[in-house]
Amino acid sequence: MDDLYYILPEIVLVVTAVGILAADFVLPEDSKPNLAWPAALGTVVALGLVISFWGTERSLYNGTLRIDDYAVFFKVMFLVIGFFVLIGSPAFARRNLRHTAEFYGLILFAVVGAMAVSSARELLTAYISLELVSFGFYALSAHAKDERRSNEAGAKYIILGAFSSALLLYGISLVFGAAGTTFYVDISAQAETAAGLGPGLLMGIALLVAGLGFKVAAVPFHMWTPDVYEGAPLPVTAFLSVGSKAAGFAFLIRLFVEGLQPVMADWRDALGILAILTMTLGNLVAMQQRNIKRLLAYSSIAQAGYVLVGVPVLTMGTAAGMMLHLAGYAVTNLGAFLVVIFYNNATGREKISEFRGMSRRSLPLALMLAICLFSLAGMPLFAGFVTKFYLFSAVAAHGLWWLVAFAIGNSIVSVYYYLVVVREMFVTPSDDDEEDRKPLRIPVHSAAALTALAGLVLWIGLYPDAIVRAAENGSRAIFGG
Amino acid sequence: MIEAVPLSHVLFVGAAMFAIGIFGVLSRRNAVAILLGVELMLNAVNINFIAFTMYSAPSRIVGQIIAIFVITVAAAEIGLGLAIILQVFRNRANINVDELDLLRW
Amino acid sequence: MLVALVGLNLVAGFSMFALPERNRGAARFLALAAASVSLVLSVLVFALYDRSVGGFQFENQFTWLPSLGISFHVGVDGISAPMVLLTGVVIFTGVLVSWNIDRRTREYFALLFILVSGVFGVFAAMDLFFLFFFYEVAVLPMYLLIAIWGSTRRGYAAMKLVMYLLAGSILIWVGLLALYHAMGASSFDFVDMQQAGFDPVLARVVFPIFFVGFGVLAGLWPFHTWSPDGHVAAPTAVSMLHAGVLMKLGAYGIIRMGVQLLPSGAQDWLWFFLIIAVINVLYGAFSAMAQRDLKFVIGYSSVSHMGYVLMGIGSLTVIGLDGAVLQMFSHGIMTALLFAMVGVIYDRAHTREISEFGGLARVMPRFSILFIIAGLTSLGLPGLSGFAAEFLVFVGTFQTSPWLGVLGVVGVAVTAVYILRLIARVFFGPLNERWRDISDASRLETIAGVCLVGFLVLFGIYPPLMVGQIDSAVTPLIASLSP
Amino acid sequence: MNFAAFLFYLVSALALTAALGTVLARNIVYAALSLIAALALVAGIFFILHADFIALVQLLVYGGAVSVLIIFGLMLTATDRPVTAPRDRWQRVLALLGAAAFLGLAAFAAFATDWMRGRPEQLQRVPPAEIANELFTKWAIPFEVASLVLLVALIGAIVVARREPQ
Amino acid sequence: MGWSWLIPILPLAAFPIVGLFGRRLPGGGSFLTILAVTAGFAISVMGLIELTTTAGLEFNQGPGPFVVEFLRAGDLSVPLSMVVDSLSLVMLIVVTFLTAVIQIYSIGYMRGEQRLHWYFATMSLFAAAMLGLTITNNLVILYVAWELVGLCSYLLIGFWWERPSAREAAKKAFITTRIGDVGLLIGILLLFVNTGTFEMDEIFAMVNAGEVGSGAVTLSAILIFLGAMGKSGQFPLHVWLPDAMEGPSPVSALIHAATMVAAGVFLVARMYPLFAASEGALMVVLVIGTITAIFAALLALVETDLKRVLAYSTISQLGYMMFALGAGGMTAAMLHLVTHGFFKALLFLGAGAVMHACGGIIDIDRLGGLRKRMPITTWTFVIGALSLSGFPLLSGFWSKDAILNSAVEGGHWLTFSVGVITAALTAFYMFRVIFRVFFGSPRSSAAENAHAAEPVLAVPLVILAVFAVLGGWVGSPLIGDPFARFVYFGAEAGHAFESLGAILLSASAAIVGIIVAYSVYMLRSPSAETVREAIPAAHRFLARRAYIDDLYQWLIDHVSLALAVLVAMFDRKVINGTAVDGSGFLVIFSGSRLRRLMTGFLYNYAAFMLLGVVGLSIVIFALAD
């Protein structure tokens with residue numbers, strides 16, 4: 001049962017989740033929000049296990065799964081994400097949610113699903129794991145059941161999610177029909193020998209892109225994103241914005257690298273166009289937003305566009321770049337959301353204009369958000385700069401200048417709306433009521449979480465060697481180099 | 001026997017059902033009705049899987065297994081979907097999706 | 001030493017946040033200390049640079065991202081050493097004139113020093129990735145500095161400035177990547193890239209990208225409009241740094257990455273850019289003439305003066321480039337002085353309308369003398385550093401294209417017109433009674449002004465002090481041009 | 001055309017008709033009923049294609065569980081509010097165009113692709129035991145994950161739909 | 001001449017000392033500046049003695065014991081090299097002498113001024129720059145000094161900057177001369193481009209050797225002359241000089257009469273090898289000089305401001321010098337420069353004494369009858385005027401004679417006749433002033449109560465009067481014209497008496513001018529009013545300064561400023577408003593439209609997804625091979 005050892009982290013999480021669900025029956029109501037701590041502990045344990053797999057390359061369970069540096073990279077990412085989401089949740093959950101034990105359990109299950117996605121080397125496994133992630137998110141989005149916005153978000157999300165998974169499945173069926181198999185390696189082999197499997201495979205790819213585009217919020221499959229981000233409970237939005245996207249990309253990158261590379265010439269331009277549409281629309285519409293959650297939603301769409309830039313030229317470099325950018329984006333966005341969550345907990349606010357004068361109330365909080373926003377904008381000192389630089393330069397290396405030019409141009413435009421938030425926090429004077437001048441007190445654990453994330457953002461921004469190496473190893477693993 | 005029906009015809013049936021499902025999703029206002037459309041689409045997918053695995057795939061089993069999973073997912077989807085829609089109904093007394101517009105732009 | 005310069009300011013910037021919020025004195029003291037050390041270090045860098053040896057000196061290198069060929073590599077040559085000095089001087093004086101910032105003092109200084117570390121970084125970086133990196137570091141704090149502590153239309157100006165400069169940086173980035181990949185994606189190091197020797201066709205394509213990309217920051221026409229608005233809106237010290245140092249980053253980038261890496265590209269585009277430079281000179285000067293706000297006048301005059309820098313670069317001669325770099329220094333000091341002085345008057349009068357002043361020389365003699373000296377430098381008066389710089393630029397331009405040189409010289413006359421009009425209106429004539437009780441420049445402001453004037457006079461009376469150093473870098477550069 | 005083929009076309013036509021009924025019926029209850037019919041007819045197709053086991057699963061899961069669920073759902077969300085005009089008048093046209101475009105593309109893919117590539121066109125029944133065997137060995141991981149999916153859906157449905165004590 | 005480098009350096013050193021600490025020094029530090037310039041005078045005289053005893057031109061590289069470069073860049077080198085030859089020595093002596101005298105005069109004249117130290121500091125800087133300009137061998141240094149004298153002129157004209165008129169005059173002076181300087185700078189640069197050096201001796205050598213194209217020579221000579229025109233107030237750049245009289249009178253005497261404005265003449269003389277190589281350039285100089293001479297004299301006829309009359313007179317005399325240069329009479333021009341320096345300084349100081357005595361009144365219509373109260377001033381002024389008019393045997397006679405002679409020799413008869421007419425006009429307007437100011441009866445209480453000049457004012461007047469009488473004799477053929485044997489270009493100049501008729505003509509013209517003035521202003525037959533009414537158009541034309549100032553004002557207001565406003569508007573509206581803000585608006589606007597896609601309706605969202613699928617498929621189908 002050696003294979004089992006390598007899925008031990010997932011098992012740990014499942015066990016933790018079940019344990020928490022069980023604890024729900026015995027614990028008194030007001031201590032339930034604290035279940036986040038054992039849940040977080042579970043992610044830490046799993047994280048330790050996952051890291052110990054670094055450098056391993058091994059096929060598991062008849063090749064449906066594979067543990068390699070690529071998988072480890074993403075698993076670490078998901079666990080970190082899960083950890084911070086859990087850490088950031090209790091205060092919010094206490095205020096706004098019922099059934100907090102289930103809430104944490106669902107988060108853990110979603111993390112399990114995402115981890116499985118990153119290992120999966122086969123369409124069915126990957127699909128069903130992705131569904132696990134999605135179902136977690138469906139339930140989480142609608143979790144604030146008394147809130148009409150949360151209901152609406154959940155309804156829209158699950159219906160569109162079902163629609164998209166139908167599209168994805170139709171695509172899988174076509175790929176399966178054309179290649180006769182769902183294993184990436186075999187698909188690749190088929191595609192190589194039977195030069196071009198005709199319209200069937202191509203349409204299958206289009207549908208796969210559509211289905212995965214939904215998860216990563218690529219235009220025009222992004223429409224759910226802003227609504228769900230806005231409607232879902234804040235910690236869920238935080239989780240969603242990085243988890244769903246990263247899971248989708250974990251699926252997409254491995255699939256395209258291991259399975260569809262031989263027919264790359266057929267889909268590269270289409271994906272380039274997709275990337276441009278995604279970032280352009282994301283940025284343009286983000287400028288119009290008044291709600292911080294919606295702003296971050298459109299920003300996340302734009303970020304998906306940046307990552308997609310790497311897909312049309314799938315090489316070791318661009319794949320590493322995409323992974324890197326995702327990782328940077330994940331910590332950054334989480335940081336931003338943690339601040340928003342905290343601010344919302346303290347004040348109940350989420351409009352951008354309500355962030356005015358925040359720097360007067362808590363400079364560290366405002367600085368943290370500013371750091372994250374600058375990082376999202378791709379400013380130096382912060383993660384976003386390095387990861388974008390790496391990614392875009394890798395793409396440029398293959399002569400896709402038009403794509404890079406669009407991407408860089410877009411990142412400039414994006415600065416505008418990030419700056420608008422920064423302006424509200426630092427520049428615009430706060431209204432002169434008592435409430436606005438009260439300093440915010442940050443609980444120790446929130447402060448620790450924020451500091452850790454800020455540290456990560458700065459670490460990637462200032463000395464990214466280790467993480468770049470990790471991403472490169474991960475990328476090498478799927479390219480089999 | 002059944003081999004007289006070419007694979008493409010079976011696939012066309014699947015495609016047609018999928019398209020009908022799409023039409024359902026796109027044209028309906030009632031959230032439950034939309035879910036019905038999704039169910040049609042998932043069934044169409046299953047037709048594809050069964051057709052492929054029976055006609056052309058190296059393995060006669062894989063497609064069937066996938067179909068089982070699809071059915072599972074479809075059931076789960078309808079279950080959770082209906083639960084959420086029910087909650088929407090409780091809070092708004094109405095499940096027309098074009099009145100779900102608190103969130104937009 | 002260079003690492004210390006960059007690091008010190010960065011640390012100073014961030015450690016501002018550690019200070020107690022209410023204690024303005026501590027922030028000021030820390031700022032002054034950091035600025036003083038910066039000044040001393042930058043003077044040392046300038047003075048200890050061995051011009052007989054030339055090349056890059058004070059080098060330090062640390063690996064950073066070996067897989068991409070990026071290392072933290074710093075060093076200065078004859079072009080960057082004067083710029084380091086300039087930065088040191090301007091930040092020192094900038095801190096002095098910022099002494100009376102009462103609102104959010106520590107944040108102000110924090111951002112100021114982060115900005116300055118970026119500027120030092122650009123001038124010291126020998127790795128082009130880091131050059132770009134620091135370039136952006138220098139641009140960003142600008143937004144907050146203007147938006148929070150600024151004046152007229154600050155939100156608009158700050159946003160426009162940042163968007164503009166970032167747009168310029170796109171081009172730089174694209175150009176940089178093109179070169180990086182053209183040489184086999186092995187290194188971002190300046191020396192390696194210089195030795196790589198790029199294909200003339202590539203050079204022809206990339207050079208204008210760099211030129212425009214950096215040109216945006218240098219106030220290149222028609223991408224200059226951020227500059228007057230930005231200057232007007234910015235608080236005093238930021239205007240000083242901005243016009244004094246930041247615009248030089250652009251010109252520096254053109255020399256470093258444009259001319260030095262792509263000499264053949266520069267040669268191909270020489271005519272076009274000389275013409276643009278001349279337009280810059282005349283357009284800026286005429287625009288300045290029509291302005292009513294003191295800061296707008298100076299803002300447009302910066303556009304005009306940066307035109308001389310671009311002219312000098314565009315001439316592609318040793319003399320012209322010497323002049324361009326000297327002009328960068330000279331204009332930096334001069335415009336810092338002008339903005340410092342406008343800050344002085346704005347602090348007291350709360351207006352900058354030229355027509356509202358008159359006869360200030362009577363009540364504010366120190367202020368007036370400092371301002372007038374700066375103005376005279378601006379119009380190219382011999383004995384002040386602006387003359388030597390502009391003269392060299394003209395000589396260089398004449399060697400390349402006498403006709404454009406003539407137009408450039410005409411620009412000097414136009415400059416004289418608006419500067420003299422301004423001086424006459426503001427300082428001379430009968431005293432406007434409104435300002436009867438206005439106080440003269442404070443001691444700190446005077447020290448700052450005198451310090452700046454000292455440099456103007458020092459390098460004006462004896463320019464070889466600086467030109468020799470510039471020469472040590474420029475001569476091999478021009479020698480590398482194909483005939 | 002032999003009988004099996006005839007049966008296939010007949011059942012398919014009926015299934016598609018039922019599907020159309022699902023999406024076109026004004027009354028949502030009729031729509032649900034015709035969906036159940038369509039699902040049953042699809043099970044028929046599976047049967048004709050020699051996938052007996054799947055046909056059975058289809059009937060059980062859909063005919064049994066899902067239809068009941070849907071009916072319950074309809075009953076719980078029944079409303080006596082007057083019908084309002086749709087907010088987007090182009091909705092149906094758009095839907096028709098979209099569906100038609102997709103059908104065109106999918107049909108093109110179906111007909112233009114050489115799916116068979118010389119494989120034997122011999123449809124065979126597979127004993128359920130073989131399916132089960134492979135499901136629990138080769139596909140153990142997806143199976144386990146699917147169980148988690150169901151668990152999550154279950155928890156989610158309970159959490160969301162449960163009536164809260166006020 | 002080992003010490004000559006000290007000549008400009010001493011006053012230069014005095015400048016910062018007096019400027020910074022003068023407030024605390026007795027007399028505003030005037031003793032320091034006077035000492036510095038007097039030392040320069042002494043050194044110059046020593047140089048003169050040395051040079052006359054050894055003979056020959058001397059080029060002296062580097063300032064004394066050390067070689068200093070002002071600039072060095074690439075192959076460009078600007079050493080502080082000097083040339084001490086007869087030409088520069090003459091100029092040095094004139095400048096140091098006049099500066100010393102006038103500074104002494106200033107002690108009295110400026111007494112009680114608040115910014116006295118500033119006055120002397122600037123004067124000292126002026127002296128340094130003027131002397132540097134004179135002594136340098138390098139065109140760049142020349143330009144530097146040239147600009148610095150301009151600066152000093154600006155500062156001193158605007159010395160009483162509280163007065164709007166002084167402020168405007170200073171600005172006008174700087175800008176107008178700047179226009180000429182642009183030409184000068186371009187000319188210098190052009191020379192550098194063609195010769196590769198800024199050293200004058202090297203340039204001349206190359207020009208003489210014919211190594212520079214004639215077109216370049218002509219062009220650069222004309223451009224350099226443009227600089228000289230600006231500085232020397234040549235038509236049409238003369239407008240600033242009359243206004244420059246807003247400065248203190250000693251400033252007018254020194255800078256705007258004797259030295260700085262003569263720098264243009266000196267420049268042309270200095271660059272004479274260049275000009276001589278180009279017929280065209282000489283022609284331009286001749287024509288401009290001729291026009292200026294008569295034009296300024298005409299304007300002087302109707303001017304009522306005493307100092308402005310003198311200013312026009314200066315312009316006119318500078319025109320004489322210029323056309324002498326244009327006609328080939330470099331010696332004559334320099335001689336006239338020297339003599340003009342003396343008598344014009346005298347006249348200005350006299351005018352200053354009048355102002356001083358009459359409480360600042362300078363309008364000749366409000367003075368009168370000062371002869372009795374200020375005898376020394378009156379008679380020294382008369383001597384100056386006579387000398388200026390070219391009254392026989394006085395300084396001006398010799399130099400003017402030499403100039404007219406050079407016109408004759410050059411065969412420029414038109415210029416000659418203009419010169420003669422101008423001489424008559426000069427005599428007329430000078431004596432118009434004298435009769436109006438010193439004779440007749442006082443026309444204001446200030447004039448009635450005028451007091452005699454105090455010694456510190458009077459002594460310089462007397463000294464200068466002596467020179468105004470005798471100074472010109474250095475160029476007198478009666479004693480063998482030593483000046484011409486000392487300062488000359490090419491061959492030694494010939495002498496005036498060779499065309500005796502011309503001399504008699506000019507001398508009688510001067511006398512006629514005086515007689516007519518006497519007739520008009522003393523005998524009132526015909527009276528000035530009658531004449532004025534007889535030719536109103538001409539009078540108005542002259543009184544409006546031939547509309548040239550108006551033209552410039554119009555050009556500034558309606559062309560230059562309008563252009564500036566236009567450019568600024570273009571910048572704001574088109575470049576910033578449309579291009580920059582417009583594109584920003586476009587981005588925002590497209591965002592505001594695009595967001596409407598996210599209608600919030602679920603089926604719209606699904607429709608978009610489907611659209612994406614269809615689009616993607618089509619694109620992939622289309623792009624796949």
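Lettering follows sequence order; numbering is per chain, from 1.
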Heavy-atom pairs under 4.5 Å with chain B are the metric here; pick the option from [options] that has the most.
options	value
D:L7, D:I45, D:V159, D:I48	D:I48
D:A25, D:A132, D:A109	D:A25
D:A95, D:A31, D:G98, D:A99	D:A95
D:A32, D:A65, D:A107, D:A19	D:A19
D:G73, D:A106, D:A15, D:A51	D:A51
D:I28, D:V57, D:V61, D:L97	D:I28

>> Tell me whether the rings of D:F111 and B:F12 are parallel (<30°), tilted (30 to 60°) or perpendicular (>60°).
In response: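 Ring orientation of D:F111 relative to B:F12: tilted.
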
>> How close do B:A83 and D:V160 get, counting heavy atoms only, and between which atoms?
In response: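 Closest approach of B:A83 to D:V160, heavy atoms only: O-CG1, 3.8 Å.
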
>> If you compare all heavy atoms of B:Q64 against all heavy atoms of D:I131, which two are closest, and at what distance to 0.1 Å?
In response: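 Closest approach of B:Q64 to D:I131, heavy atoms only: OE1-CD1, 3.1 Å.
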
> Taking the six-membered ring for Trp, are B:F52 and D:W115 ring centroids under 6.0 Å apart?
Replying inline: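 For B:F52 and D:W115, the ring centres are under 6.0 Å apart.
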
What distance do [X] atom [atom1] and [Y] atom [atom2] have between them, rounded to the nearest 0.5 Å?
X	Y	atom1	atom2	result
D:I54	B:F49	CD1	CZ	11.5 Å
B:M17	D:L103	CE	CG	12.0 Å
B:S27	D:L94	OG	CG	10.5 Å
B:I20	D:L20	CD1	CG	4.0 Å
D:L74	B:N30	CG	CG	7.0 Å

Counting only non-hydrogen atoms closer than 4.5 Å, does [X] touch chain D with its backbone (N, CA, C, O), its side chain (CB onward), both, or neither?
X	answer
B:I84	both
B:V88	neither
B:F23	both
B:N46	both

Is there a side-chain contact between [X] and [Y], using heavy atoms and a 4.5 Å cut-off?
X	Y	answer
B:I47	D:F46	yes
B:R29	D:Q91	yes
D:V149	B:T72	no
B:F89	D:L76	no
D:F143	B:I65	no
D:H50	B:I50	no

Proximity breakdown for [X] and chain B, heavy-atom pairs closer than 4.5 Å:
X	result
D:L16	both
D:L96	both
D:L24	both

Who wins among [options] for the most heavy-atom pairs under 4.5 Å with chain D?
options	result
B:L35, B:V25, B:L40	B:L40
B:V73, B:V10, B:I34, B:N48	B:V10
B:Q87, B:R90, B:E77, B:E39	B:R90
B:T53, B:V13, B:L11, B:I61	B:I61
B:A67, B:G21, B:G37, B:A16	B:A16
B:I68, B:L82, B:L36	B:L36

> Which pairs with one or both residues in residues 8-24 of chain B pass side chain to side chain donor-acceptor pair (under 3.5 Å), sequence neighbours excluded?
Replying inline: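 Residue pairs passing side chain to side chain donor-acceptor pair (under 3.5 Å), neighbours aside: B:H9-D:Y9.
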
> Do any pairs count as a side chain to side chain donor-acceptor pair (under 3.5 Å) and have a residue in residues 137-162 of chain D, sequence neighbours left out, and if so which ones?
Replying inline: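 For residues 137-162 of chain D: D:E134-D:W139.
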
>> Has B:R60 got a side-chain atom pairing as donor or acceptor with D:R125's backbone, closer than 3.5 angstrom?
In response: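 Flag not set: sc B:R60 to bb D:R125 has no pair under 3.5 Å.
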
